[in-house]
Structures are given as structure tokens and as C-alpha cells.
Amino acid sequence: QVQLVESGGGLVQPGGSLRLSCAASGRIFSLGAMAWYRQAPGKERELVARSLSGGSTNYADSVKGRFTISRDNAKKTVFLQMNSLKPEDTAVYSCNAFVRIDYSSSNYYEYWGQGTQVTVSS
């Protein structure tokens, strides 16, 4: 019903930048919170950044000042601008969104993208 497709991952040197995109498609009446999570090998998945529908954002302490989350509601897309990347940022980054799929119900349903690999290495 709803698909989230990430793009923009890849290999980058320490100190470099990448911009991730996540486009939502399918049965979407409105979008709620959209977020980026990451999971490194051997570690639990962690929240990187979240953008609420009202415009507020929050970030993991480890990425504050380096990463910026933004969204284009008209295009149903959320972005993650990642600057000053460090080797410890290496992980699979996944998009998460809460979607209201029908005007007749106020329920929001949670969806995940398939993930995109980000590798920071020299």
C-alpha cells in the first residue's frame, strides 16, 4: 500500500558529505512523523533524526550539528543531509514514516524503507 524508497547512500571519505532521500508513494492521505534510523554491524538500530509534521525536528546527540533532516511534503520526500562524516557513521540507514492512508480514519500506520548503505572510509 505504501512504499518508502531510499537513495543516496554510498562510500565517502571521512569529512565528506552525503545526502539521503526517501520518497513515499502509494496510498497516502497525509504524512506524519518521518525519520531516519541507522544500524551498524553488531549494534542495535538507533534513531538518527526525526521530522514531525508540524515542523519540529530532533537529532541523536552523535549527529547534532553535522546532520540535517528536512522534508518536502508536496513531494512526499524526506532528506538527510550528512556533513563531516565519520567512520562511526557507517551503517545501513533506513527511512521510517507514519502515514495516514485514508481520510475516513485518523489512524497513522508505520512503514519502513529497505535501507541504504553508508560507508565512511578512507
Side-chain angles (χ1 to χ4, degrees):
Q1 290 185 341
V2 175
Q3 297 80 40
L4 302 179
V5 179
E6 301 104 332
S7 61
L11 173 65
V12 63
Q13 292 187 343
S17 298
L18 281 176
R19 189 188 194 213
L20 305 182
S21 299
C22 172
S25 63
R27 187 178 179 184
I28 299 172
F29 178 74
S30 65
L31 289 168
M34 302 184 78
W36 289 95
Y37 286 76
R38 68 185 180 186
Q39 187 169 21
K43 295 187 177 181
E44 294 187 355
R45 184 170 59 194
E46 65 173 345
L47 174 67
V48 177
R50 177 184 288 121
S51 169
L52 301 182
S53 57
S56 62
T57 58
N58 52 67
Y59 297 89
D61 288 343
S62 59
V63 306
K64 283 181 181 178
R66 299 188 298 122
F67 291 11
T68 302
I69 189 170
S70 61
R71 58 195 286 172
D72 184 333
N73 288 324
K75 295 183 178 180
K76 301 182 179 63
T77 301
V78 64
F79 305 96
L80 185 68
Q81 178 66 44
M82 305 185 293
N83 299 328
S84 303
L85 282 160
K86 305 175 181 180
E88 50 263 44
D89 294 318
T90 295
V92 174
Y93 285 70
S94 298
C95 176
N96 172 274
F98 284 83
V99 180
R100 181 178 172 185
I101 63 173
D102 193 275
Y103 76 94
S104 63
S105 171
S106 60
N107 293 334
Y108 281 80
Y109 297 90
E110 186 176 22
Y111 294 91
W112 289 89
Q114 81 285 354
T116 185
Q117 177 70 46
V118 171
T119 302
V120 185
S121 175
S122 55

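What you see is a predicted model, and the numbers here were worked out from it, not measured in a lab.
- In this structure, NZ on Lys86 lies 8.0 Å from OG on Ser84, to the nearest 0.5 angstrom.
- Of all heavy-atom pairs spanning Val63 and Val48, the tightest one is CG2-O, 3.6 Å.
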Item to complete: Decide yes or no on side chain to side chain contact (heavy atoms under 4.5 Å, CB included) for Thr57 and Leu52, but give the supporting numbers first.
Response: CA-CA 6 Å; Thr57 58; Leu52 301 182; over 6 Å; no
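- For Arg100, the side-chain contact (heavy atoms from CB on, under 4.5 Å) partners at least two apart in sequence or on another chain are Phe29, Ser30, Tyr108.
- Considering all non-hydrogen atoms of both residues, Leu18 and Gly8 come closest at CD2-O, 3.8 Å.
- Ile69 and Met34 get closest at one heavy-atom pair: CD1-O, 3.8 Å.
- Looking at Asp61 and Lys64, a side-chain N of the basic residue comes within less than 4.0 Å of a carboxylate O on the acidic one, giving a salt bridge.
- Although no hydrogens or angles enter the test, the distance criterion places no donor-acceptor pair under 3.5 Å between the side chain of Gln81 and the main chain of Arg19.
- Annotation: disulfide (SG to SG under 2.5 Å) contacts involving residues 33-104, sequence neighbours excluded, comprise Cys22-Cys95.
- A single hydrophobic cluster is seen to contain both Tyr109 and Leu4, as judged by linkage of ILVMFWY side chains at heavy-atom distances under 4.5 Å, directly or through other members.
- When every heavy atom of Ala91 is checked against every heavy atom of Ala40, the shortest pair comes out as CB-N, 3.8 Å.
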Item to complete: Please test Ser121 against Leu11 for side chain to side chain contact (heavy atoms under 4.5 Å, CB included), starting from the C-alpha separation and ending with a verdict.
Response: CA-CA 7 Å; Ser121 175; Leu11 173 65; 4.2 Å; yes
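- Heavy-atom minimum distance, Gln1 versus Ile101: OE1-CD1, 3.8 Å.
- The distance from the OH atom of Tyr111 to the CD1 atom of Ile28 is 8.5 Å, given to the nearest 0.5 Å.
- Residues forming a side-chain hydrogen bond (donor to acceptor under 3.5 Å, both in side chains) with Arg27 (at least two apart in sequence, or on another chain): Asp102.
- Once rounded to the nearest 0.5 Å, the distance linking OG1 of Thr116 with CZ of Arg38 reads 14.0 Å.
- Of the inter-residue distances, the one linking Thr90 atom OG1 with Gln117 atom CD reads 7.0 Å to the nearest 0.5 angstrom.
- Listed by first then second residue, pairs satisfying disulfide (SG to SG under 2.5 Å) with a partner in residues 27-71 number zero, not counting sequence neighbours.
- Residues Val92 and Trp36 do not share a hydrophobic cluster, clusters being chains of Ile/Leu/Val/Met/Phe/Trp/Tyr side chains in contact below 4.5 Å.
- Phe98 is not connected to Val2 by any chain of hydrophobic side-chain contacts under 4.5 Å among Ile, Leu, Val, Met, Phe, Trp and Tyr, and they are in different clusters.
- Side-chain contact between Leu80 and Thr68 is absent, with no heavy-atom pair separated by less than 4.5 Å.
- Under the 4.5 Å side-chain contact rule for hydrophobic residues, Val12 and Met82 share a cluster.
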Worksheet entry | CA sep, side-chain torsions, deciding dist, call: Asp89, Arg66, side chain to side chain contact (heavy atoms under 4.5 Å, CB included) | CA-CA 11 Å; Asp89 294 318; Arg66 299 188 298 122; 2.8 Å; yes
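- Here Leu47 sits in one hydrophobic cluster together with Tyr37, Trp112; the rule is ILVMFWY side chains under 4.5 Å apart, joined directly or through other members.
- Evaluation of the disulfide (SG to SG under 2.5 Å) test over residues 47-87, restricted to residues two or more places apart or in two chains, returns none.
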Discussion item. Working note: Ser25 + Lys76, criterion side chain to side chain contact (heavy atoms under 4.5 Å, CB included); need CA distance, chi angles, decisive distance, verdict.
Written reply: CA-CA 7 Å; Ser25 63; Lys76 301 182 179 63; over 6 Å; no
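- Note: Leu20 CG to Phe79 CZ = 11.0 Å, rounded to the nearest 0.5 Å.
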